[in-house]
Each structure stands twice: as C-alpha cells, then as structure tokens.
Amino acid sequence: MTERAAHLVDHVFPNVPVRQWVLSLPYQVRYMLAGDHSLCRAVVAVAMRAILGFLRHRAGEADVVDPRGGAVVIIQRFGGALNLNVHLHALVLDGCFDAGVRFHHLPGIDAADVADVLATIAPTVRRLLVRRGLGSDHEGGHPTDEWAESEPALAGMDSASIQGLLALGARAGRGIRRRGDPPEEVQPAAPGPCHAHQNGFDLHAVLRIRAGCRDRLERVSRYALRPPIASD
C-alpha cells in the first residue's frame, strides 16, 4: 500500500489537481462483480469513459484543443465493516492536457454535474449486464446465478455480507446489530455537494487535492490502496 502510493505520487501523477471519484453500486451488481474480474474491468471502463468524457466535454467548451485526461482506478472489495462491497476509487486529474501537453484547469463541478455523469454510468452498466446475460431489459427477468448453483453456501455468505445481513446462525437473514445506529425511522441524509444517487448507484466526487499537495495526494492514495485489515 505505502510503496504503491509513493510510486504513484513520485512517478505517475503530474503536479496538477486530482479529484477522487468514488462509485458505489447496487447490491445485485456488487454480487455479480465479486467473482468476475472481467466484469469488474468492464464496469471500470464504463465509469472512466463517462468521467473522462465529461471532463473532455468541459475542456472543449473552454476551447481546449484535443483535450486529454488521466486517472488511476483502484477496485476495492470491502467496506468499512470488512463486508464484501466491490466499489471503485478513481483518482482523476481535475482538468485536461491540450495537444501541446499544457494543463488546463476547468471550472469546479457541483452535484448536478455529478448527477449527469451518473446518469450516463448507471444505464450503461445495466446494458452491459444485459449483453453478458447477467441482467434483464424487461421487468421480471431473473438471470441464472451460476455461482449460487455451483457453490450455494459461499454464494449465500457473499450475498449476506453485501447486504449487511447475518449468513449463519439463529439470526440468519437478519440485520447485523451495531452500536450507535440511528433509529430506523431516521431517514438517510440527502446527497451533498458533488454527490449523486440513482437507483442504487452512488457517485461521490467531493474530495479535491490541489496541485502541489503531494503529501495529501499520497495519503489519499494510501487510503484507496489499503488492504482489508481495518475498518474505515
């Protein structure tokens, strides 16, 4: 973790602003990605085409010639409780280079911009699943779950972990008891700045690291690269 983060800061990221984009996925999609690395890569490609495409469009509006962006994407497979939670951390250059390799800062983004990017990602991921026979383009469709058929015990534990449920014991299928949880009637907070949620997909892009803040960029890189040995 530490060596890889130092390498990224010293040899990969140019000295320009970097924004962290975090994409969380619906439970069903997390379950599909858990055992399919090829599908993970395909979802990463969908997300990055949308994010980098958004930045190129912004640069084009600012008359940047042949704008190009860049990013490093880390697939995390766990959540803060060490539960199974496949999601993406993308450290994206917060701007674009032009044809002369000169960096152009772009106007700041807001929740509406993030929502527009997510509105591209979510249906594209759904179409990807349909093409691979893992989703349905009509109501009531249920794709075959080969993992559950071949390894029902492991598949059941995966599914429970993703949903925050107990897989085994007398309380199997029920929620995990946690200290300090809010009452059930309390509604979750609405998305804040640079944050959007749509049909189980969640995209967060609040964290921006200014150019020159290399120590902070390294800390964020270590966080994204951390192994599953401690909670958030």
Side-chain angles (χ1 to χ4, degrees), residues 1-25 29-30 33-59 64 66-106 108-109 113-114 117-118 120-121 125 128 194-195 201-232:
M1 173 189 73
T2 302
E3 291 177 355
R4 184 67 59 85
H7 173 76
L8 290 177
V9 173
D10 293 342
H11 302 292
V12 177
F13 285 111
N15 191 16
V16 301
V18 174
R19 186 180 296 273
Q20 178 178 243
W21 295 71
V22 181
L23 176 64
S24 298
L25 304 156
V29 180
R30 297 180 201 178
L33 296 185
D36 191 335
H37 189 60
S38 172
L39 185 59
C40 281
R41 294 198 305 268
V43 170
V44 167
V46 167
M48 297 319 301
R49 279 197 298 269
I51 294 170
L52 296 176
F54 164 77
L55 293 174
R56 285 196 300 270
H57 178 73
R58 275 290 189 86
V64 178
D66 192 21
R68 301 295 178 92
V72 172
V73 186
I74 297 105
I75 301 173
Q76 283 195 356
R77 299 182 60 83
F78 58 94
L82 302 187
N83 57 306
L84 181 59
N85 177 12
V86 182
H87 61 289
L88 312 180
H89 284 248
L91 302 176
V92 183
L93 305 186
D94 201 35
C96 286
F97 287 94
D98 62 18
V101 199
R102 184 165 64 95
F103 188 77
H104 294 262
H105 298 264
L106 302 177
I109 65 173
D113 295 321
V114 177
V117 174
L118 188 58
T120 299
I121 294 172
V125 170
L128 170 67
C194 301
H195 186 193
F201 290 84
D202 189 276
L203 187 60
H204 192 281
V206 173
L207 179 59
R208 182 180 186 271
I209 303 148
R210 292 177 297 176
C213 296
R214 308 299 277 179
D215 288 345
R216 189 182 187 205
L217 178 58
E218 188 168 347
R219 289 197 301 272
V220 172
S221 298
R222 286 201 301 266
Y223 177 83
L225 289 162
R226 70 199 190 283
I229 58 175
S231 60
D232 289 343

| message | For L93 and F13: C-alpha separation, side-chain torsions, deciding distance, then whether side-chain contact (heavy atoms from CB on, under 4.5 Å) applies. | response | CA-CA 8 Å; L93 305 186; F13 285 111; 3.9 Å; yes
Roughly how far, to the nearest 0.5 Å, is [atom2] of [Y] from [atom1] of [X]?
X    : Y    : atom1 : atom2 : result
F54  : L106 : CZ    : CG    : 8.5 Å
Q20  : I209 : CD    : CD1   : 7.0 Å
H89  : Y223 : NE2   : OH    : 5.5 Å
L23  : F201 : CG    : CZ    : 7.5 Å
H204 : H87  : NE2   : NE2   : 12.0 Å

| message | Under the side-chain contact (heavy atoms from CB on, under 4.5 Å) test against V220, which residue among D215, L225, L207, L8 passes? | response |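 Among the candidates, only L207 passes.
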| request: Please name the residue in the list L118, L88, V22 that meets the side-chain contact (heavy atoms from CB on, under 4.5 Å) test with L203. | output: L118
Closest approach of [X] and [Y], non-hydrogen atoms and distance?
X    : Y    : answer
I74  : A224 : CG2-O, 3.2 Å
G95  : F103 : CA-CZ, 3.4 Å
R226 : Q76  : NH1-NE2, 2.7 Å
A71  : V92  : CB-CG2, 3.8 Å
T120 : A50  : CG2-CB, 4.0 Å
N85  : G79  : CB-N, 3.8 Å

Polar side-chain atom of [X] near backbone of [Y] as donor-acceptor pair, under 3.5 Å:
X    : Y    : result
D94  : R19  : no
R216 : C213 : no
R30  : V86  : no
H57  : L55  : no

| task | Would you indicate whether R222, at its atom CZ, is surrounded by more than 12 heavy atoms from other residues, nucleotides or ligands within a distance under 6.0 Å? | result |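 Counting neighbours around CZ of R222, more than 12 heavy atoms of other residues, nucleotides or ligands fall under 6.0 Å, so yes.
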| Around atom CZ of R214, are there more than 12 heavy atoms of other residues, nucleotides or ligands at under 6.0 Å? | yes
| side-chain contact (heavy atoms from CB on, under 4.5 Å) between L25 and L33: does it pass, once the steps are laid out? | CA-CA 10 Å; L25 304 156; L33 296 185; 3.3 Å; yes
| request: Determine, step by step, whether D113 and R58 satisfy the salt bridge (Lys or Arg N to Asp or Glu O under 4.0 Å) criterion, reporting the C-alpha distance in whole Å, the side-chain angles of both residues, the deciding distance to 0.1 Å, and the verdict. | output: CA-CA 10 Å; D113 295 321; R58 275 290 189 86; 2.8 Å; yes
| task | Please tell me if the side chains of F78 and P227 come closer than 4.5 Å, counting only heavy atoms from C-beta onward. | result |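 Heavy-atom side-chain distance check fails, nothing below 4.5 Å.
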| query | Does a side-chain heavy-atom distance below 4.5 Å link P67 with H104? | reply |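 No; the side chains remain at least 4.5 Å from each other.
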| task | Run the numbers on L128 and L39 for side-chain contact (heavy atoms from CB on, under 4.5 Å), then give the verdict. | result | CA-CA 9 Å; L128 170 67; L39 185 59; 4.0 Å; yes
| Does R68 pair with D98 as a salt bridge, N-O distance under 4.0 Å? | no
